[in-house]
Amino acid sequence: MAAGVRRIAAILLASALVIGLSIGSTGTAEAKTTAKTFKNCTEMNKTYKGGIARTSSVKNKGGKTKNKPFVSKELYDANKKSDRDKDFIACEK
């Protein structure tokens with residue numbers, strides 16, 4: 001009988017540990033980093049000479065540019081206000 005009680009206690013303890021670990025780990029998995037927003041194109045072009053493109057397949061409406069844009073969906077979305085011609089490239093040069 002004592003072996004049965006120990007076995008049940010071990011199962012309950014293991015279950016409690018699994019449940020406790022799964023509840024404790026959900027809060028840390030949701031931490032997100034925020035993309036940097038720039039005040040204007042001059043500030044952005046100091047870091048990203050060709051601007052920021054949303055995807056690598058977008059085409060510039062304004063014609064030739066000197067520099068290739070950096071591709072990042074998160075950065076573009078954070079700085080969407082700087083895309084005057086709405087071609088999915090912010091502050092292209």
Side-chain angles (χ1 to χ4, degrees):
M1 177 112 172
V5 171
R6 276 191 242 146
R7 183 173 178 188
I8 292 172
I11 291 171
L12 289 174
L13 179 62
S15 299
L17 285 173
V18 169
I19 291 170
L21 289 175
S22 65
I23 290 172
S25 66
T26 57
T28 58
E30 294 178 20
K32 289 187 177 182
T33 59
T34 56
K36 179 172 173 53
T37 56
F38 294 94
K39 201 168 29 175
N40 53 38
C41 285
T42 304
E43 185 181 317
M44 183 188 295
N45 288 141
K46 288 178 184 175
T47 307
Y48 301 103
K49 301 274 186 226
I52 299 171
R54 193 161 199 267
T55 65
S56 60
S57 63
V58 296
K59 302 289 183 216
N60 183 10
K61 285 183 186 176
K64 280 269 191 206
T65 57
K66 291 184 208 174
N67 302 305
K68 190 172 184 171
F70 179 78
V71 178
S72 171
K73 181 184 180 310
E74 291 80 22
L75 272 172
Y76 175 83
D77 288 345
N79 295 283
K80 191 185 306 189
K81 68 183 183 337
S82 297
D83 185 8
R84 291 185 296 165
D85 57 0
K86 307 294 184 231
D87 62 352
F88 298 104
I89 306 172
C91 299
E92 62 266 25
K93 258 190 158 180

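Predicted model only: the values in this text are computed from it and were never measured.
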Check whether more than 12 heavy atoms from other residues, nucleotides or ligands sit under 6.0 Å from atom CZ of Phe88, and answer yes or no. no
Heavy-atom neighbours of Lys81 NZ exceed 12 at 6.0 Å: yes
Please name the pair of heavy atoms, one in [X] and one in [Y], separated by the smallest distance, quoted to 0.1 Å.
X	Y	value
Lys39	Glu43	CB-OE1, 3.1 Å
Phe38	Asn79	N-OD1, 2.7 Å
Ala35	Ala78	CB-CB, 3.8 Å

Inter-residue atom distance [X].[atom1] - [Y].[atom2], 0.5 Å rounding:
X	Y	atom1	atom2	value
Lys86	Lys80	NZ	NZ	9.0 Å
Ser72	Tyr48	OG	OH	7.0 Å
Asn60	Lys68	CG	NZ	13.0 Å
Thr34	Glu74	OG1	CD	11.0 Å
Thr47	Lys36	OG1	NZ	6.5 Å
Asn40	Asn45	CG	CG	9.0 Å

Are Asp87 and Lys59 close enough for a salt bridge, meaning some N to O gap below 4.0 Å? no
Are any side-chain N or O atoms of Asn67 and backbone N or O atoms of Lys93, one a donor and one an acceptor, separated by less than 3.5 Å? no
Flag, side chain of Lys61 to backbone of Asp85, donor-acceptor distance under 3.5 Å: yes
hydrophobic_cluster_shared for Ile89 and Val71, side chain cutoff 4.5 Å: no
Residue pair Arg54 / Asp77, side-chain heavy-atom distance below 4.5 Å: yes
